[in-house]
Amino acid sequence: FASKKALFKVLVMGIEEKVIPAIDDELAKKVGIEDLTALKKKIEEQMNEMQDQASQRELENKLVDEIVGAAKFDISERMLEKESNFLLQDLRANCQSNGLDWETFKKDEANKEIFDKAREAAKKRISIDLILSAVIREEKISASPEELEVELKTKVAQLGDRGKSVENDPRFKSNVELIFLRNKAV
């Protein structure tokens, strides 16, 4: 329908204006804080904490990238293919829901870059997994049942309604433990 003219009839049901509340003690009280000064202090603390976390993640990512870059090991073709397919699951589902044949999509030369990037990402993820698994094993990193219980509850809460259905799934628990240990290793 590109370059075609169209005529639409629209019935306006109403016009609304967004009213932004005044930034004052009353606003602070509505969000459960005693006054505007305390609200500003709380926001500043949260922003500083977010900045600290972002800096920590950036440092951890750089460290992991350095280790991955220096590591020398072979990754099997099968392992790369499996991880690449995992990374491309959403794209595949999207193609299928739009009536596109996945095999045709894969063979299209215009999509080659997508698959190359997925393969590189898969290689990096596998490398990180192998290295962190080795660190966990060598350093004998473990998690107490209490730490795992807190982490499990946090993950379930993050998932909302879906969390209740996976809460008792042994694979979910195992995955939460693995992620927790890898974060400790970093």
Side-chain angles (χ1 to χ4, degrees), residues 1-13 18 50 53-138 141 143 148 151-186:
F1 296 104
S3 302
K4 301 281 183 178
K5 290 185 177 184
L7 177 63
F8 293 93
K9 288 186 180 184
V10 179
L11 175 63
V12 177
M13 302 298 287
K18 188 173 188 173
M50 286 171 51
Q53 289 172 352
S55 296
Q56 180 68 25
R57 276 192 307 274
E58 185 179 342
L59 177 65
E60 289 170 358
N61 288 338
K62 284 181 181 178
L63 175 65
V64 169
D65 285 346
E66 286 289 322
I67 293 169
V68 167
K72 303 287 183 234
F73 50 83
D74 293 324
I75 300 172
S76 76
E77 189 58 39
R78 174 76 178 115
M79 193 180 252
L80 269 174
E81 186 179 321
K82 189 175 179 183
E83 187 67 17
S84 292
N85 288 339
F86 174 76
L87 292 173
L88 293 166
Q89 278 179 349
D90 288 343
L91 179 59
R92 183 180 189 158
N94 218 0
C95 283
Q96 290 171 338
S97 69
N98 288 314
L100 296 172
D101 179 60
W102 179 245
E103 292 305 316
T104 305
F105 183 84
K106 281 173 49 175
K107 290 175 186 170
D108 187 341
E109 202 56 36
N111 300 324
K112 185 179 182 328
E113 188 178 345
I114 294 169
F115 292 95
D116 290 345
K117 285 184 178 182
R119 187 174 175 81
E120 281 304 309
K123 186 175 182 180
K124 184 175 181 179
R125 282 175 54 129
I126 292 167
S127 298
I128 291 169
D129 285 351
L130 291 172
I131 290 166
L132 291 179
S133 293
V135 169
I136 291 166
R137 199 173 38 257
E138 288 297 315
I141 296 172
L148 290 176
E151 189 68 13
L152 186 62
K153 285 182 180 180
T154 301
K155 296 296 182 200
V156 166
Q158 288 172 348
L159 291 171
D161 292 339
R162 205 172 71 98
K164 294 294 180 202
S165 65
V166 296
E167 185 173 24
N168 296 314
D169 183 344
R171 290 176 302 180
F172 177 73
K173 288 181 178 182
S174 177
N175 194 35
V176 167
E177 180 178 11
L178 183 61
I179 292 168
F180 183 77
L181 291 174
R182 287 180 181 161
N183 288 339
K184 279 181 96 170
V186 172

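A quick note: this is a predicted structure, and the numbers were derived from the prediction, not measured. The residues of the chain are indexed from 1 along the displayed sequence.
- In terms of modelled atom types and a separation under 3.5 Å, the side chain of Ser127 and the main chain of Lys123 share a donor-acceptor contact.
- Looking at heavy atoms from C-beta onward, Arg182 lies in side-chain contact with Asp129 at the 4.5 angstrom threshold.
- In plain terms, the two heavy atoms of Leu130 and Phe73 that are nearest each other are CD1-CE1, 3.7 Å.
- Between Lys184 and Ala143 the shortest heavy-atom distance is NZ-CA, 4.2 Å.
- Taking 4.5 Å as the limit, some side-chain heavy atom of Ile114 sits within range of a side-chain heavy atom of Phe105.
- By the neighbour-count criterion of 12 heavy atoms within 6.0 Å, atom CD of Glu113 is sparsely surrounded, having that number or fewer from other residues, nucleotides or ligands.
- Although no hydrogens or angles enter the test, the distance criterion places no donor-acceptor pair under 3.5 Å between the side chain of Asn111 and the main chain of Lys106.
- Between the side chain of Asn94 and the backbone N or O of Asp90, no donor-acceptor pair lies under 3.5 Å.
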Practice item. Could you walk me through whether Glu77 and Arg119 pass the salt bridge (Lys or Arg N to Asp or Glu O under 4.0 Å) test, one step at a time? Key: CA-CA 10 Å; Glu77 189 58 39; Arg119 187 174 175 81; 2.8 Å; yes

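- Phe172 is listed as a side-chain neighbour of Val156, based on a closest heavy-atom distance under 4.5 Å.
- Comment: Glu120 does not engage Lys124 in a salt bridge, judged by the lack of any side-chain N to carboxylate O separation of less than 4.0 angstrom.
- Side-chain contact between Leu88 and Leu91 is present, with heavy atoms from C-beta onward closer than 4.5 Å.
- Counting non-hydrogen atoms of neighbouring residues, nucleotides and ligands closer than 6.0 angstrom, the CG atom of Asp169 exceeds 12 such neighbours.
- Comment: Lys107 does not engage Glu103 in a salt bridge, judged by the lack of any side-chain N to carboxylate O separation of less than 4.0 angstrom.
- Contact detail for Leu87 and Ala118: the closest heavy-atom pair is CD1-O, 3.6 Å.
- The side-chain contact (heavy atoms from CB on, under 4.5 Å) with Ile179 is formed by just one residue from the set Leu181, Asn183, Val176; it is Asn183.
- For the pair Asn98 (side chain) and Leu100 (backbone), a donor-acceptor distance under 3.5 Å is absent.
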Check your understanding: Stepwise, does the salt bridge (Lys or Arg N to Asp or Glu O under 4.0 Å) test hold for Lys155 with Glu151?
Key -> CA-CA 6 Å; Lys155 296 296 182 200; Glu151 189 68 13; 3.7 Å; yes

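- Contact between Ala110 and Asp108 at its shortest, heavy atoms only, is N-OD1, 3.0 Å.
- Glu60 CD to Glu58 CD: the interatomic distance, rounded to the nearest 0.5 Å, is 11.0 Å.
- Taking all atoms of both residues into account, the shortest heavy-atom contact from Phe86 to Arg125 is CE2-NH2, 3.4 Å.
- In this structure, CD1 in Ile126 is found 5.0 Å from CD1 in Ile75, a value given to the nearest 0.5 Å.
- Taking all atoms of both residues into account, the shortest heavy-atom contact from Leu63 to Val186 is CD2-O, 4.3 Å.
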